[in-house]
Amino acid sequence: MKREFDAIVVGLGALGSGAAYWLAKRGANVLGLEQFEFGHARGSSHDWSRIIRKSYFTPAYVRLAKDAYAAWDALERDSGEHVVFRTGGLDIGPYDGAIALSTYAESMRTCDVYFEILDASEIRKRWPVWQIGDDVHGLFQPDSGIVAAERATAALRRTATTFGAVLRENAPVTTLNADGDEIVVEAGGERYRTGKLILTAASWTPRVLAYFGMRIPFEVTKEQVMYFQPRDLGGFAFGEFPIWIWMDDPSFYGFPVFGELDAVKITQDCGGKPVDPDTRGFEEDTQITARVTEFVRRRLPAAAGPVVRLKTCLYALTPDRDFIVDTLPAFPNVSIAVGGGHGFKFASVIGRILSDLALAGRTDADLSALKIDRPILQMSDPRKTYML
Ligand SMILES: Cc1cc2nc3c(=O)[nH]c(=O)nc-3n(C[C@H](O)[C@H](O)[C@H](O)COP(=O)(O)OP(=O)(O)OC[C@H]3O[C@@H](n4cnc5c(N)ncnc54)[C@H](O)[C@@H]3O)c2cc1C
């Protein structure tokens with residue numbers, strides 16, 4: 001039996017849920033299909049928190065981040081759920097670190113985003129838990145904060161349903177076939193037909209692209225986050241301590257106390273090893289644990305208590321770590337988004353852009369750096385640059 005929809009979304013993590021929300025909000029008859037149960041822990045969007053920030057390395061990402069805040073506001077109004085929590089954000093690291101703060105400062109200046117440059121003594125004065133010498137500096141942006149990840153994704157799905165979307169869990173898409181201007185989708189024992197298809201399959205992107213004869217260089221890594229119970233919670237309290245990113249190689253990042261535990265989430269960015277998303281394990285990566293623990297003892301010793309929670313999560317990585325947000329060159333009715341291991345904060349606006357592409361065939365957003373046919377994605381074995 002065939003059922004017809006204006007748009008079908010494949011994959012209901014943060015990005016696909018964002019697309020379903022905006023499509024339904026704009027009146028489309030939309031079906032969303034998720035291979036596992038909603039909110040599962042086998043992809044990229046689970047756990048309590050993700051960093052949201054306007055501090056980014058190109059003006060295009062800064063503009064996208066500004067739009068993301070506006071798009072989360074829309075969700076908060078529609079759902080009645082508070083999902084973005086401003087804590088302020090500190091980009092911090094050595095003056096000669098691997099990631100230049102000047103690039104971030106310049107991008108924000110271009111986009112009229114307010115920020116402060118702080119020297120080490122000012123950082124120590126504001127947040128005495130930092131153990132840093134005068135070789136360290138920082139950049140503080142007060143709008144940075146936390147998106148309540150699982151709650152936000154659930155709110156996107158719930159609100160999409162309120163606007164009329166049909167969302168199915170445990171419905172793996174097993175076949176995608178172009179049939180003239182339409183796509184026939186087989187999932188969970190059903191066949192559907194749609195005019196517009198949206199691919200938000202993250203770590204499973206190579207598999208869904210293969211249905212359209214496309215291949216891109218792509219890597220999935222198994223990352224890990226750790227919750228440390230500080231000896232003294234005071235210095236890390238929500239409302240006092242900001243989210244932060246250590247801008248060097250290796251790069252670390254962390255949060256104030258947030259979520260269900262009296263603990264701070266701290267981890268390494270891109271410290272994990274490549275895995276197959278279907279056969280990956282969920283075990284601890286002791287090398288990440290060692291690197292993060294050593295960093296915490298050295299730089300935030302007051303947080304160096306026991307690890308009370310450890311979670312694994314997948315990064316779906318393009319070689320330049322830029323997103324893909326585009327339509328497929330040979331199939332303009334198929335759009336795709338991949339979040340490159342830093343996409344959660346943008347799920348709201350990427351969902352809106354995907355709905356623009358599906359419903360209007362165009363968008364005002366600047367997607368020039370995020371195209372699926374950009375040169376690096378045409379190479380068979382390009383150099384990988386995962387530092388943000
Ligand atoms: C440890 C960690 C920390 C992070 N920190 C941040 C942060 O601080 N800030 C930030 O902005 N971003 C962060 N990110 C990145 C961010 O979480 C991801 O970019 C984002 O969650 C990606 O969402 P997604 O919907 O693309 O992926 P997913 O949540 O993986 O969703 C893809 C979905 O597609 C489904 N699917 C795949 N194939 C099929 C199929 N054939 N049929 C049906 N369904 C299918 C999958 O089951 C999955 O549910 C972090 C990621 C990790 C892992």
Side-chain angles (χ1 to χ4, degrees), residues 8-20 31-53 56 61 64-65 68 72 84 89 144-147 149-150 152-153 156-157 167-176 185-188 198-211 220-226 243-245 253-255 258 265-272 275 277-278 285 288 310-318 321 323-325 336-351 354 388:
I8 294 182
V9 181
V10 179
L12 293 174
L15 268 55
S17 301
L31 171 69
L33 297 164
E34 167 53 49
Q35 64 182 341
F36 301 127
E37 71 281 4
F38 294 148
H40 67 87
R42 282 172 271 196
S44 302
S45 300
H46 54 288
D47 204 23
W48 298 319
S49 55
R50 293 290 187 280
I51 288 175
I52 181 166
R53 58 189 160 102
Y56 252 89
Y61 273 115
L64 198 64
W72 286 119
V84 173
S144 297
I146 298 171
V147 191
E150 287 177 354
T153 312
L156 287 167
R157 278 195 302 266
L167 305 184
R168 288 192 59 196
E169 55 188 336
N170 301 310
V173 170
T174 45
T175 308
L176 296 169
V185 178
E186 290 185 24
I198 292 94
L199 303 175
T200 43
S203 301
W204 292 265
T205 294
R207 186 173 304 166
V208 293
L209 278 179
Y211 291 114
V220 177
T221 59
K222 175 174 149 264
E223 306 295 330
Q224 152 179 322
V225 298
M226 298 154 69
I243 61 96
W244 56 269
I245 301 177
Y253 62 92
F255 297 73
F258 183 84
K265 178 159 113 174
I266 302 179
T267 197
Q268 183 186 351
D269 178 46
C270 246
V275 289
D278 290 320
D285 181 328
I288 300 181
L310 187 149
K311 286 252 167 195
T312 59
C313 181
L314 299 180
Y315 271 4
L317 295 166
T318 54
R321 218 174 155 190
F323 303 153
I324 300 170
V325 186
I336 180 166
V338 178
H342 57 117
F344 199 104
K345 65 184 77 60
F346 299 105
S348 55
V349 67
I350 289 177
L354 289 168
L388 283 185

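Just follow the structure's listing: the first ligand is 1, and inside any ligand the first atom is 1.
Counting only heavy atoms of the protein, atom 35 (C) of ligand 1 lies nearest to Glu34 OE1, 3.3 Å. Of all protein heavy atoms, the one closest to atom 6 (C) of ligand 1 is Arg50 CD, 3.1 Å. Ala202 CB, 3.5 Å is the protein heavy atom nearest to atom 26 (O) of ligand 1. Atom 29 (O) of ligand 1 has Ser45 OG, 2.5 Å as its closest protein atom, hydrogens excluded (heavy atom only). The nearest heavy-atom contact from the protein to atom 52 (C) of ligand 1 is Cys313 SG, 3.1 Å.
In terms of polar-atom proximity, defined here as any N/O pair under 3.5 Å, Gly340 makes no such contact with ligand 1. The shortest N or O to N or O distance between Phe36 and ligand 1 is not under 3.5 Å. Considering backbone and side-chain atoms alike, Gly43 places every N or O at 3.5 Å or more from each N or O of ligand 1. For ligand 1, the polar-atom distance check against Ser44 finds a nitrogen or oxygen pair separated by under 3.5 Å.
Heavy-atom separations between Gln224 and ligand 1 are all 4.0 Å or longer.
Residue pairs meeting the salt bridge (charged side-chain N to carboxylate O under 4.0 Å, His left out) criterion with at least one member in residues 337-349, sequence neighbours excluded, do not occur.
Applying the 4.0 Å criterion to heavy atoms of Thr200 picks out, from ligand 1, the atoms 32 (C), 33 (C), 34 (O). Ligand-side atoms of ligand 1 in range of Leu33: 43 (C), 44 (N), range being under 4.0 angstrom from any heavy atom.
Residue Phe346 does not touch ligand 1, judged by heavy-atom distances below 4.0 Å. The backbone and the side chain of Val173 each have at least one atom closer than 4.0 Å to an atom of ligand 1 (non-hydrogen atoms only).
Remark: aromatic rings of His342 and Tyr253 are distant, center separation not under 6.0 Å.
In this structure the side chain of Asp278 reaches within 4.5 angstrom of the side chain of Arg207, judged on heavy atoms.
Glu150 meets the side-chain hydrogen bond (donor to acceptor under 3.5 Å, both in side chains) test with no other residue; sequence neighbours excluded.
Considering Thr221, Thr312, Val220 in turn, Val220 is the only one that fulfils the side-chain contact (heavy atoms from CB on, under 4.5 Å) rule with Val275.
Here the side chain of Gln268 pairs no donor or acceptor atom with the backbone of Ile288 at under 3.5 angstrom.
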